[in-house]
Each structure stands twice: as C-alpha cells, then as structure tokens.
Colleague: 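Right, I'll just put the structure down here and ask away after.
Just so it is clear, the model here is predicted, and its values are computed rather than measured. Order of the sequence lines fixes the chain letters, A, B, ..., with proteins taken first and strands second; residue numbering starts at 1 for each chain.
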Number of protein chains: 2
Amino acid sequence: MMKKGKMDSSKTLPVTETSAPAGRFAAGADPAKREQIVDGAKRVFMQKGFDAASMNDITREAGVSKGTIYVYFDNKEDLFIAMVERERAAFLAALRTVLKDNENVETGLREFGIKFLEHLTDEKIVNAMRTVLGVRERMPDLCARFFRGPQNLRTVLKDFLTLHVEAGSLEIDDIELASGQFLDLASGSFFKFRLFGTMPEAPPREEIERVIRGAIHVFMAAYGQKKTNSPAE
Amino acid sequence: MMKKGKMDSSKTLPVTETSAPAGRFAAGADPAKREQIVDGAKRVFMQKGFDAASMNDITREAGVSKGTIYVYFDNKEDLFIAMVERERAAFLAALRTVLKDNENVETGLREFGIKFLEHLTDEKIVNAMRTVLGVRERMPDLCARFFRGPQNLRTVLKDFLTLHVEAGSLEIDDIELASGQFLDLASGSFFKFRLFGTMPEAPPREEIERVIRGAIHVFMAAYGQKKTNSPAE
DNA sequence: GGCCAATCGAACCGATCGGTTCGAAATGAT
DNA sequence: ATCATTTCGAACCGATCGGTTCGATTGGCC
C-alpha cells in the first residue's frame with residue numbers, strides 16, 4: 001500500500017483530484033474519510049489527552065481501520081496537529097466579523113464581549129485548550145499558535161478602539177493595555193473557572209450579559225468621554 | 001517487603017515516629033526520602049505531563065530505587081497527587097497575608113496585585129497549572145481543588161473591598177463581580193500568555209507594575225468615591 | 001564488629017503502545 | 001458481471017509501560 005495519495009496535513013480540505021473520478025478518491029484523498037478520522041480522534045484526544053489516547057482507541061472511535069488512519073496521517077502527532085488546526089480555524093471563523101467599524105462603542109463592545117465570552121466558555125473550546133495545553137512541552141509551537149488565534153482578536157479590538165479614540169468617544173493613553181483590559185474583563189473569570197473545572201457547565205446567557213455589562217461599565221468609567229449633561233455615575 | 005510503614009499521602013510531612021529512632025525511620029517514613037522522591041517526580045511530571053512521565057524516568061530523576069518509590073506511594077497517581085498538593089500549599093502560603101485590613105485601598109490593591117501577578121506568572125506556578133490541567137479529565141477533583149486555592153484569594157479580596165465600601169472609600173453594588181474584575185485586570189493577560197507559551201519568561205517587574213497601575217486606574221474610575229477637589233481624570 | 005532493617009538495582013511479569021503488513025472484503029466505475 | 005483500487009481487520013513487531021520480587025548492599029544502633 002503506497003502512501004502516495006497522502007495529503008498535506010496542513011490543508012483543511014483538499015480540492016477534488018482531477019485524476020480521480022467524482023465519486024471515488026485516491027487512497028488517502030477522500031475528504032469525508034479524513035473528516036471521519038479527525039472527528040473520532042478529536043473525541044478521544046479531548047477525553048484522554050494526547051498521551052493517554054491510543055491509536056487503538058482512535059481506530060474504534062473513528063470507525064476506520066488503523067491502516068487507513070496511517071494512509072491519511074503520518075503518525076499520531078500528525079493527526080493531533082490536524083485536529084488542533086481544524087478546531088482553531090473553527091473558533092476564529094466564528095469570531096471574525098463581530099466588530100463593525102461603524103458601531104456605537106458600547107453596542108460594539110457589548111456584542112463583541114458577549115460573543116467572545118460565549119465562545120470562550122463553550123465546551124468545545126475549553127476542551128480544545130486544555131488538550132493543547134497538555135502538549136505544550138512537546139509541541140510548544142502548536143500550543144502558542146493555537147492561542148495566537150484568539151489573541152489576534154485583540155488586534156481587531158484595538159483597531160476598533162483606535163477608531164473611537166479618533167472619533168472622540170473614547171480617551172485612551174495606552175490602547176494596547178486597554179484592549180487587553182477589556183478582554184480580561186470580558187473573560188470575567190468564567191474562562192478560568194471553565195478551564196479548571198470549577199464551573200462544569202457554560203454560564204447561562206444572563207450571567208454572560210451581566211459580566212459584559214459590568215465590564216463595559218468599568219471600561220467606560222475609565223476611558224469613556226465624560227458627558228457633562230448626564231454623568232455615567 | 002511490607003508496606004506497613006507507608007504514610008498517609010495527604011500529609012505533607014510526618015511527625016517523627018516514636019517507635020523509630022531519631023536518625024532512622026521505618027520503611028517509607030523518612031521525610032527526607034519522601035521529599036527526594038516528590039522533587040524528582042515533580043521535575044518529570046512538569047516536563048512530560050502525567051501520562052508521558054514514566055516511573056522509570058522518575059526513578060532516575062529522583063535517584064532512588066523504583067521499589068522504594070512503591071514503599072512510599074501506592075501508585076503513580078498517588079505520587080502525582082502528593083506532588084500537586086505540595087505545590088498548591090506552597091502557592092497559598094506565599095499569598096496568605098498580602099492584604100492587610102487597615103491598608104489604604106489603592107496601596108492595598110497595588111501590593112496585592114503585584115504579589116498576585118508575580119506568583120501567577122512564575123515558572124513554577126504556570127508549569128504546575130499546565131500539568132494539572134493535563135489530568136483534568138481523569139482527576140477532575142484534583143484539578144478543581146488546585147484552582148480553588150488561588151480562587152480563595154477572591155474571598156480575601158472581597159473582604160478587603162467590603163471593609164472599604166463600609167468605610168466609604170469605595171462604592172460597589174456587586175462586590176462579587178468587582179472582586180473578580182480586579183483579579184482579571186490584575187492578571188493582565190500575562191497569565192494566559194504564560195500558560196499558552198506566547199510569553200516564554202516571567203514579565204519584568206516594571207511590566208507587572210504597569211499592568212497593576214492600569215488595573216487600579218480602571219478599577220478606581222469605576223468604583224472609587226469621587227473627590228470633588230481633585231478629579232481622578 | 002554484629003545485627004537488623006531500609007534501600008538498591010536488576011530482573012521479571014502481563015499488558016499496552018505506535019506503527020507495519022497483507023489477504024479479504026467492499027466499493028465505484030465501466 | 002468484471003476490474004481496479006480503497007479500506008478493512010487481524011496479526012505482527014520491537015519497545016515500553018506500571019508494578020512486583022528478591023538477593024545484595026548500605027547504614028544506623030548497640
């Protein structure tokens with residue numbers, strides 16, 4: 001069995017091979033089969049972590065033959081990386097267009113904050129982060145890259161805040177620091193609770209809204225332009 | 001070889017056994033030997049995580065015989081738990097008395113925040129947290145318990161803030177939320193950077209001070225009692 | 001120095017690991 | 001129905017795992 005049909009692991013989904021007919025792929029080139037493997041692997045990796053997840057476990061969970069897994073992926077680590085990259089891409093896609101430049105500052109922060117915290121406390125994301133943290137020593141680049149995805153949202157937020165500083169509705173000396181502060185306030189500790197397991201379920205919508213409301217209140221108290229006719233406090 | 005001398009793993013250090021002379025302990029009862037094992041185990045567990053750390057690795061690193069390890073600890077998991085509990089106790093001991101009740105609010109928050117962030121970004125703590133997170137699925141109680149230690153600092157902070165609300169220097173509707181907000185601001189994202197590896201070294205003192213200064217600025221803007229003769233902004 | 005017991009270190013055990021091999025079964029195209 | 005190829009699933013390989021055993025060595029006490 002040749003491994004010639006193996007795809008580049010960094011690609012999420014391959015384009016259809018012109019040499020293979022529409023309904024049948026070269027060995028290792030079927031996107032549905034690949035997805036099936038990664039799905040099964042994800043469930044086992046997130047349940048057991050990288051080291052304790054065995055390829056026999058993954059074979060059973062994915063419902064494919066072990067030989068087939070090795071047609072699609074070079075080794076266990078390769079499979080893990082593919083899974084992590086897929087999860088990261090999904091997280092980013094969900095948050096890509098939350099902030100709109102022509103938004104009112106409080107409305108924008110509210111929508112961004114709620115969406116951000118909802119995703120950050122979602123079972124899938126929390127599990128993914130834990131799993132990735134478990135391999136930090138052996139795959140430090142992967143771990144850092146996984147986190148750099150969500151971290152890029154800071155740049156998005158920074159651009160948003162910069163616009164509003166220029167428009168005069170915010171007054172911020174250090175936009176870098178302020179962006180981080182809003183993200184920290186928006187996390188509302190819930191992320192840490194979820195990560196460490198002291199909060200077994202994602203917080204309900206009202207709790208998320210309460211935390212984001214509080215975050216905006218604190219943030220605007222510090223950085224909002226003072227209104228002379230109706231004080232913020 | 002009987003395991004009769006095995007100590008309760010939940011004890012950090014045993015009292016000297018009256019049945020054993022001062023210079024010689026019953027099998028499994030020597031605190032120095034126990035410490036030697038836990039030290040070696042800690043280095044391996046934090047480097048490799050629980051699953052990938054082998055008892056042979058730990059044997060070599062600790063410089064004891066594998067048989068001796070099993071005299072002191074029931075199994076690998078028992079050893080891991082002992083190590084984690086020891087690290088947790090050390091973290092808590094370092095932070096126990098940072099907030100003093102008769103402190104000025106901003107001075108108190110500054111000292112608490114700096115100390116808190118210094119510890120939270122320390123290599124030892126970050127490694128310990130990552131390692132514990134790696135076993136969250138198999139030992140959820142241990143993981144939650146490890147985090148509950150630092151989380152108890154929230155209660156300490158809450159008591160401090162309550163005193164200052166009653167003294168009139170703070171105005172806070174929701175003290176629970178405000179406590180969490182200060183802790184989140186004080187973490188300053190550095191904790192997450194450190195955890196995920198995008199910040200390889202602990203931040204320098206000036207950076208920590210900058211972040212805590214910003215945290216206090218934002219916090220006091222929202223909750224400090226307004227002064228009519230010298231505005232905060 | 002002798003005695004006793006803790007520790008050492010090598011060997012062992014059954015089990016599992018990641019990865020490989022290959023004939024049989026399944027599947028899609030013609 | 002036939003053919004070509006992908007996938008299956010069982011067996012295999014060398015290596016390592018956690019935990020156990022036991023004669024030899026070491027060290028403290030008398």
Side-chain angles (χ1 to χ4, degrees), chain A residues 1-7 14 16-37 40-41 44-45 48-81 135 138, chain B residues 1-7 14 16-37 40-41 44-45 48-81 135 138:
Chain A
M1 187 161 57
M2 293 175 59
K3 298 193 176 179
K4 199 158 173 185
K6 179 156 302 174
M7 300 178 302
T16 308
E17 303 260 5
T18 52
S19 58
R24 190 158 170 87
F25 298 93
D30 179 2
K33 182 69 64 176
R34 191 177 192 277
E35 199 79 356
Q36 180 182 346
I37 297 169
V44 179
F45 281 135
K48 298 194 169 191
F50 179 77
D51 290 306
S54 76
M55 295 304 278
N56 284 337
D57 291 333
I58 290 167
T59 296
R60 275 191 299 270
E61 184 68 35
V64 300
S65 154
K66 202 198 285 194
T68 301
I69 293 182
Y70 283 97
V71 170
Y72 281 82
F73 301 96
D74 281 340
N75 49 46
K76 187 180 180 183
E77 187 168 304
D78 192 26
L79 174 58
F80 184 80
I81 288 167
V135 299
R138 80 172 51 205
Chain B
M1 187 162 56
M2 293 176 58
K3 297 196 177 178
K4 198 158 176 187
K6 180 157 301 177
M7 300 178 299
T16 307
E17 303 261 6
T18 51
S19 59
R24 188 155 170 90
F25 298 93
D30 179 2
K33 182 68 65 176
R34 191 177 191 279
E35 198 79 357
Q36 181 182 344
I37 296 169
V44 179
F45 281 135
K48 298 194 170 194
F50 179 77
D51 291 305
S54 75
M55 295 305 278
N56 284 337
D57 291 334
I58 289 167
T59 296
R60 278 190 298 272
E61 184 69 35
V64 300
S65 154
K66 203 198 282 194
T68 302
I69 294 182
Y70 283 98
V71 168
Y72 281 83
F73 300 95
D74 282 340
N75 50 46
K76 188 181 180 182
E77 186 167 308
D78 192 27
L79 174 57
F80 184 80
I81 287 167
V135 299
R138 83 173 48 207

Colleague: Can you tell me the distance, in whole Å, between the CZ atom of B:R138 and the P atom of D:dG18?
Modeller: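 Result: 11 Å.
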Colleague: Given side chains that start at C-beta, do those of B:M55 and B:I58 come closer than 4.5 Å, heavy atoms only?
Modeller: yes
Colleague: Let's see if you can work this out: which of D:dT5, D:dC17, C:dT7 has an atom nearest to the side-chain heavy atoms of B:T68?
Modeller: C:dT7
Colleague: Starting from C1' on C:dA26, measure out to CZ on A:F25 and report it in whole angstrom.
Modeller: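 In whole Å, C:dA26 C1' lies 17 Å from A:F25 CZ.
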Colleague: Side chain of A:Y70 only, heavy atoms from C-beta on: which candidate in D:dT20, C:dT7, C:dT20 is closest?
Modeller: C:dT20
Colleague: Measure the distance from CG on A:D78 to C1' on C:dG18 and round it to the nearest whole Å.
Modeller: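 Atom-to-atom, A:D78 to C:dG18, this comes out as 14 Å.
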Colleague: Which of the following nucleotides, C:dA6, C:dG18, D:dG18, is nearest to the side chain of A:S54?
Modeller: C:dG18
Colleague: Where the side chain of A:D30 is concerned, which of D:dT7, C:dG28, D:dC8 is the nearest nucleotide?
Modeller: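 Selected nucleotide (nearest to the side chain): D:dT7.
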Colleague: OP1 or OP2 of D:dC8 sitting under 4.0 Å from any side-chain N/O of A:K33?
Modeller: yes
Colleague: Of all the nucleotides listed (C:dA6, C:dG19, C:dT27), which has the minimum atom distance to the side chain of A:R24?
Modeller: C:dT27
Colleague: Measure distances between side-chain N and O atoms of A:K66 and base N and O atoms of C:dG19, and say whether any donor-acceptor pair falls under 3.5 Å.
Modeller: yes
Colleague: So which heavy atom on B:Q36 is nearest to which on B:V64, and how close?
Modeller: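 Taking B:Q36 first and B:V64 second, the nearest heavy atoms are NE2-CG1, 3.5 Å.
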Colleague: What's the CD1-C1' distance between B:I69 and D:dT21, to the nearest Å?
Modeller: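 Nearest whole value for this atom pair: 16 Å.
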Colleague: Counting side-chain heavy atoms from C-beta on, which of C:dC8, D:dC17, C:dG18 comes nearest to B:N56?
Modeller: D:dC17
Colleague: Please confirm whether the backbone N or O of B:E35 pairs with a side-chain atom of B:Y72, one donor and one acceptor, at under 3.5 Å?
Modeller: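 Side chain of B:Y72 to backbone of B:E35, a donor-acceptor pair under 3.5 Å: no, none is there.
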Colleague: How is A:A52 classified with respect to the nucleic acid when contacts are heavy atoms under 4.0 Å: base, sugar-phosphate, or nothing?
Modeller: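 A:A52: no heavy atom of the nucleic acid under 4.0 Å.
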Colleague: Atom CE of A:M55 and atom P of C:dT20: how far apart are they, to the nearest Å?
Modeller: 10 Å
Colleague: Return the minimal non-hydrogen interatomic distance between A:A53 and A:V44, and the atom names on each side.
Modeller: CB-CG1, 3.5 Å
Colleague: Side-chain N or O of B:Y72 less than 4.0 angstrom from OP1 or OP2 on C:dT7?
Modeller: yes
Colleague: Rounded to whole Å, please give me the gap between CZ in B:F73 and P in D:dT20.
Modeller: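 It works out to 15 Å between those atoms.
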Colleague: Do you know the tightest heavy-atom contact between A:R138 and A:F50?
Modeller: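 Distance-wise, the nearest heavy atoms are NH1-CE2, 3.2 Å.
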Colleague: Measure from CZ on B:F80 to P on D:dC17 and round the result to the nearest Å.
Modeller: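 For the pair B:F80 CZ and D:dC17 P, the rounded distance is 17 Å.
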Colleague: Provide, to the nearest angstrom, the distance between the CG atom belonging to A:D51 and the P atom belonging to C:dC17.
Modeller: 12 Å
Colleague: What nucleotide, of C:dT7, C:dA6, D:dT6, holds the atom closest to the side chain of B:V71?
Modeller: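 Of the options given, the side chain of B:V71 lies nearest C:dT7.
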